[in-house]
**Q** 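Structure in structure tokens, see below.
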Amino acid sequence: MRLPLLPLSLSVALALSVSACSLTQPLRKPEPPVPARYAATADAADLSANAADLGWRAMFGDRRLQSLIELALRNNRDLRLAALNVEAAEAQYGIQRAARLPSVDAGAGLTRQRTPANRETDPITPAAVQNQYGVNLGVSAFEIDLFGRVRSLSDAAFARYLATDHGRRAAQIALVGAVADAYFAERLAREQLALAERTQADWRQSLALARRLKDAQQAGGLDVAQAEGQVASADADLEARARAADQARNALRLLLGAEPPEDLPEPLPLDRQPVVTRLAAGLPSELLFRRPDILQAEQQLEAANADIGAARAAFFPRLSLSTSAGFLSPGLRNLFDGGQHVWSFAPQINIPLFQGGRLRAELRLAEVRKSSAVAEYERAIQIAFREVADGLAGRETFSRQIDAQARAVASAERRAELSGLRYRAGVDGRLELLDAQRQLYAAQQALLDLRRGQLSNAIALYKALGGGLTET
């Protein structure tokens, strides 16, 4: 049995021993089009650490938010689709990689044929039935990769698989940040709704006071009309806040991909959220290996470069090999006797002579796509740098702005309290009290917006630095 397998073994060994001459040029990545350091990072602590190393449980200390992020990572449909895309890209790479190895098939068959009798020439010999048994091993049309075309296609598929995996990691970072952002938006809407309810109650008391003063002939109908208009405005604002709270809850539910459980921990107010807002940024060069979207763009560039190598190799001859070895016999008993072995060896070379410009156009297309991939890579770096710079600018200013707004709220509270006393004493008119109450309400809403903005800025900076991939 060894003799008929010898040609097949030699053919496979020959195919695997031929070293491909790759026409793919080494990739030269462009220099990052960003400064060497961020303008807002002045201290050494900012340069020696990086927020990407901070797990999302340490970043977001609210236990309710941690439970929601954990739920979203299990159920979010976008993240699930990203994971399925990775599996599809891995399978595609497996298909392309398999083309670099010969495909060996085994077969067995039986041919049964009846030969009719020829009464005119041989009246004695009857009709005959013939059997033909066969088994074989064979390699069919395996391309010997002389110029690296198949290898380049395999390298391109592998790079796209890695790019898809980086895309999944980028989707996870985006999801963690989106859930946190939606959670704080929902908390803001709830606190704004509670503030609107308290304000409505206060203004209703002010309306009742105006009516009592009018009944006592200490105020006119104008004061009552102004108070009624103020309460109507509060009623309208209350409905708007309630609608915003419902919509914020719906947005959060969509990100979770499932209904939140009933046994979630109690939420914390915005001013007591244990969120790390003072994040270390490191150096801009660290973004190149910490941001999955940049790594994704880099792998897309690697794939485009490999496609150029495959397009160049298409101009050269292709050598393919078909070979088989086995046994063929009219009887099953003596099928594997030494004299029944058969083999075939059929190399074939194809030389592209005239393609109507197709090969040159494919090469040009591959080169243009690589240029586009370079631009996308540089653009991803610039966007990442801008996002980090914006986050650092917010990090430096939000705390001071919140302190100033808190002082404005305290001042508005004192003014509203004094205006109420002066109105009851008949020193000031209703218009002064109305203006003081509106100013206080606006200042309180602005303070809530700023606290929400500070949290959003911390989330944006955390995502921009590549944080959110690790849990702890």
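We use all heavy atoms of the structure for the numbers below, so side chains are in, but hydrogens, waters and symmetry mates are not.
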**Q** What I'd like to find out is whether the side chain of Phe316 reaches to under 4.5 Å of the side chain of Leu146, using heavy atoms alone.
**A**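 SC-SC contact between Phe316 and Leu146 ruled out.
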
**Q** Excluding sequence neighbours, so at least two apart, what forms side chain to side chain donor-acceptor pair (under 3.5 Å) with Asp390?
**A**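 Expected list: Arg386.
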
**Q** Any side-chain heavy atom of Arg312 within less than 4.5 Å of one from Leu363?
**A** yes

**Q** For residues 348-360, which side-chain N or O atoms pair as donor and acceptor with protein atoms under 3.5 Å away, sequence neighbours left out?
**A**
unit_1	atom_1	unit_2	atom_2	d
Gln355	OE1	Arg358	NH2	2.9
Arg358	NH1	Glu362	OE2	2.9

**Q** Tell me every residue that passes side-chain contact (heavy atoms from CB on, under 4.5 Å) with Thr397, counting only those two or more places apart in sequence or in another chain.
**A**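 Partners of Thr397 by the side-chain contact (heavy atoms from CB on, under 4.5 Å) criterion, ordered by chain and then number, come out as Arg400.
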
**Q** When you compare the side chain of Tyr93 with that of Ile95, does any pair of heavy atoms fall below 4.5 Å?
**A**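 A side-chain contact under 4.5 Å is absent here.
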
**Q** Tell me, which pairs form a salt bridge (Lys or Arg N to Asp or Glu O under 4.0 Å) where one or both residues lie in residues 195-206, sequence neighbours left out?
**A**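 Of all non-adjacent pairs touching residues 195-206, those that pass salt bridge (Lys or Arg N to Asp or Glu O under 4.0 Å) are Arg204-Asp235.
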
**Q** Looking at side-chain heavy atoms only, is the closest gap between Val176 and Leu73 below 4.5 Å?
**A** yes

**Q** Suppose we screen for side chain to side chain donor-acceptor pair (under 3.5 Å). Which residues come up paired with Glu471, at least two apart in sequence or across chains?
**A** Arg57

**Q** Listed by chain and number, what are the side chain to side chain donor-acceptor pair (under 3.5 Å) partners of Arg290, not counting sequence neighbours?
**A** Asp53

**Q** Tell me, do Tyr462 and Trp56 make a side-chain contact under 4.5 Å, heavy atoms counted?
**A** yes

**Q** If you measure from CZ on Arg364 to CD1 on Ile308, what distance do you get to the nearest 0.5 Å?
**A**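 Atom-to-atom, Arg364:CZ and Ile308:CD1 are 10.0 Å apart.
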
**Q** Nearest 0.5 Å, what's the CG-CD distance between Asp271 and Gln454?
**A** 11.0 Å

**Q** As an exercise, state the distance from CE of Met59 to CG of Leu54, rounded to the nearest 0.5 Å.
**A**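 Here the rounded value is 7.0 Å.
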
**Q** With a 4.5 Å cut-off on side-chain heavy atoms, are Val179 and Leu65 touching?
**A**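 Leu65 vs Val179: side chains touch.
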
**Q** Could you please spell out the steps behind the side-chain contact (heavy atoms from CB on, under 4.5 Å) verdict for Gln200 and Arg241?
**A** CA-CA 12 Å; Gln200 182 200 48; Arg241 301 297 179 183; over 6 Å; no

**Q** Hey, are Glu376 and Gln300 close enough side-chain-wise for a donor-acceptor pair under 3.5 Å?
**A** no

**Q** Answer with yes or no whether the side chains of Tyr441 and Gln445 bring together a donor and an acceptor at under 3.5 Å.
**A**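 Distance-only check passes for Gln445 and Tyr441.
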
**Q** Ignoring hydrogens and geometry beyond distance, is a side-chain donor-acceptor pair present between Ser152 and Thr24 at under 3.5 Å?
**A** yes

**Q** Could you tell me which residues satisfy salt bridge (charged side-chain N to carboxylate O under 4.0 Å, His left out) with Arg149, sequence neighbours excluded, listed by chain and number?
**A**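 Counting only residues at least two positions away or on another chain, Arg149 forms a salt bridge (charged side-chain N to carboxylate O under 4.0 Å, His left out) with Glu143.
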
**Q** Tell me whether Arg407 is salt-bridged to Asp403, with the criterion being a basic N under 4.0 Å from an acidic carboxylate O.
**A** no

**Q** Please determine whether side-chain contact (heavy atoms from CB on, under 4.5 Å) holds for the pair Leu175 and Asp78, giving the CA-CA distance in whole Å, both sets of side-chain angles, and the decisive distance to 0.1 Å.
**A** CA-CA 9 Å; Leu175 178 61; Asp78 290 335; over 6 Å; no

**Q** Test of understanding: with side chain to side chain donor-acceptor pair (under 3.5 Å), list the residues that count as partners of Thr277, not counting sequence neighbours.
**A**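 So Thr277 forms no side chain to side chain donor-acceptor pair (under 3.5 Å) with any residue.
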
**Q** One pair to check against side chain to side chain donor-acceptor pair (under 3.5 Å): Gln192 and Asp449. What are the steps and the verdict?
**A** CA-CA 9 Å; Gln192 286 179 331; Asp449 287 333; 2.9 Å; yes

**Q** Using atom types as modelled, flag every donor-acceptor pair under 3.5 Å from a side chain in residues 182-191 to any protein atom, sequence neighbours excluded.
**A**
unit_1	atom_1	unit_2	atom_2	d
Tyr183	OH	Asp62	OD2	2.7
Glu191	OE2	Leu270	N	2.8

**Q** List, one per line, each side-chain donor-acceptor pair under 3.5 Å for residues 409-418, sequence neighbours excluded.
**A**
unit_1	atom_1	unit_2	atom_2	d
Arg415	NE	Glu432	OE2	3.4
Arg415	NH1	Asp435	OD2	3.1
Arg415	NH1	Gln439	OE1	2.3
Arg415	NH2	Glu432	OE2	3.1
Arg415	NH2	Asp435	OD2	2.6

**Q** Pro26: which residues meet the side-chain contact (heavy atoms from CB on, under 4.5 Å) condition with it, sequence neighbours left out?
**A**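 Per chain and number, Pro26 pairs via side-chain contact (heavy atoms from CB on, under 4.5 Å) with no residue.
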
**Q** Would you compute the distance between atom CG of Leu279 and atom CG of Asn457 and round it to the nearest 0.5 angstrom?
**A** 9.0 Å

**Q** Any pair with a residue in residues 156-181 that passes side chain to side chain donor-acceptor pair (under 3.5 Å), sequence neighbours left out, goes on the list, sorted by first then second residue, please.
**A**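 The answer is Arg160-Asp307, Asp165-Arg168, His166-Arg169, Asp181-Arg452, Asp181-Ser456.
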
**Q** Compute the centroid of each ring, for Phe385 and then for Tyr38, and state whether the two points are separated by less than 6.0 Å.
**A**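 Between Tyr38 and Phe385, which both carry aromatic rings, the centre distance is below 6.0 Å.
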
**Q** Would you give the length of the straight line joining atom CD of Gln226 to atom CG of Leu431, rounded to the nearest 0.5 angstrom?
**A**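 With rounding to 0.5 Å, CD (Gln226) is 5.5 Å from CG (Leu431).
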
**Q** For Arg253, I'd like to know if atom CZ has over 12 heavy atoms of other residues, nucleotides or ligands within 6.0 Å.
**A** yes

**Q** Are Val139 and Leu321 close enough, and set up right, to give a side-chain contact (heavy atoms from CB on, under 4.5 Å), and what steps lead you there?
**A** CA-CA 7 Å; Val139 174; Leu321 176 65; 5.6 Å; no

